[in-house]
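Structure first, commentary second.
All values below come from the heavy atoms of this structure, side chains included, with hydrogens, waters and symmetry mates left out.
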Amino acid sequence: PIAIDGCGVPTFALPLTAFARAFAHLADVMSLDPPHQDSATRVLDAMHAHPEMVAGEGRLDTELMVRAGGRILAKAGAEGCYGVALLDRGWGLAMKIEDGNARAVPVAAIEALRQLEALGDADALALDAHGRPPVRNYRDEIVGEAKSVFTLARS
């Protein structure tokens with residue numbers, strides 16, 4: 001199926017494993033057929049050179065790529081989707097927040113990257129505004145914080 005995302009671009013339904021595989025191919029462009037290697041390399045190079053154009057100032061994608069110093073590519077998607085390429089490992093990571101609410105994405109992404117040891121404690125701390133954001137009520141009072149409560153299963 002095809003849908004339209006928040007930017008008006010057509011998007012294609014695919015399993016989460018295929019989403020992760022796509023980011024793994026970005027992390028290891030040599031895993032692609034030769035005709036696609038050049039295109040993937042151009043995307044990779046553009047995201048590295050201009051991370052602020054991927055998401056914008058103050059957004060997790062941009063700050064994560066800047067903080068990781070060329071080891072990570074990241075891109076948010078519509079309805080609580082997030083993709084990450086771990087360039088030094090050739091891995092792809094994909095997540096989908098089931099209810100589509102994007103506010104949980106940064107919390108889950110930073111924790112997953114921390115557990116995978118793709119982010120050190122100093123990096124995670126520097127991204128704390130995204131990884132443990134305050135929860136505010138309608139009077140703009142801080143009434144809690146978003147916090148991850150999962151442990152990745154190792155296989």
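Note that CD of E111 is 10.0 Å distant from NZ of K147, once rounded to the nearest 0.5 Å. Note that the NE2 atom of H36 and the NE2 atom of H25 stand 10.0 Å from one another [nearest 0.5 Å]. A distance of 12.0 Å separates CG of D128 from CG of D123, quoted to the nearest 0.5 Å. Rounding to the nearest 0.5 Å gives a distance of 7.0 Å between OG1 of T11 and CD1 of I4. For the atom pair CZ (R21) and CG (L14), the distance works out to 9.0 Å, reported to the nearest 0.5 Å. Rounded to the nearest 0.5 Å, atoms CE (M65) and CD (E52) are 9.0 Å apart.
Looking only at side-chain heavy atoms (C-beta outward), L87 and L44 come within less than 4.5 Å of each other. In this structure the side chain of R89 never reaches within 4.5 angstrom of the side chain of R71, judged on heavy atoms. Counting heavy atoms from C-beta outward, R114 and D121 have side chains that approach closer than 4.5 Å.
Following chains of ILVMFWY side-chain contacts shorter than 4.5 Å, one cannot reach V54 starting from V66, and the two form parts of different hydrophobic clusters.
For the pair L26 and A85, the tightest heavy-atom approach, listed with the atom from each and the gap, is CB-CB, 4.4 Å. Across every non-hydrogen atom of A74 and M47, the tightest pair is O-CE, 3.7 Å. The two residues H48 and P51 make their nearest non-hydrogen contact at O-CD, 3.4 Å. Considering every non-hydrogen atom in both H130 and G58, the closest pair reads CE1-O, 3.1 Å. Minimum heavy-atom separation, K96 to E79: NZ-O, 2.5 Å. The shortest non-hydrogen separation linking T62 to G56 is OG1-O, 3.0 Å.
As a member of the Ile/Leu/Val/Met/Phe/Trp/Tyr network built from side-chain separations under 4.5 Å, V84 groups with L60, L64, I72, Y82, L86, W91, L93, M95, I97, V105, I110, L113, L116, L119, L127, F150, L152.
With a 6.0 Å radius and a threshold of 12 heavy atoms from other residues, nucleotides or ligands, H50 has its NE2 atom at or below the threshold. More than 12 heavy atoms of other residues, nucleotides or ligands shown are found within 6.0 angstrom of CZ on R136.
Using a distance-only test at 3.5 Å, with no hydrogens or angles considered, a donor-acceptor pair links the side chain of D99 to the main chain of N101.
Look at E141 and R139 and you find a salt bridge, because one of the NZ, NE, NH1 or NH2 atoms lies within 4.0 Å of a carboxylate O, short of that distance.
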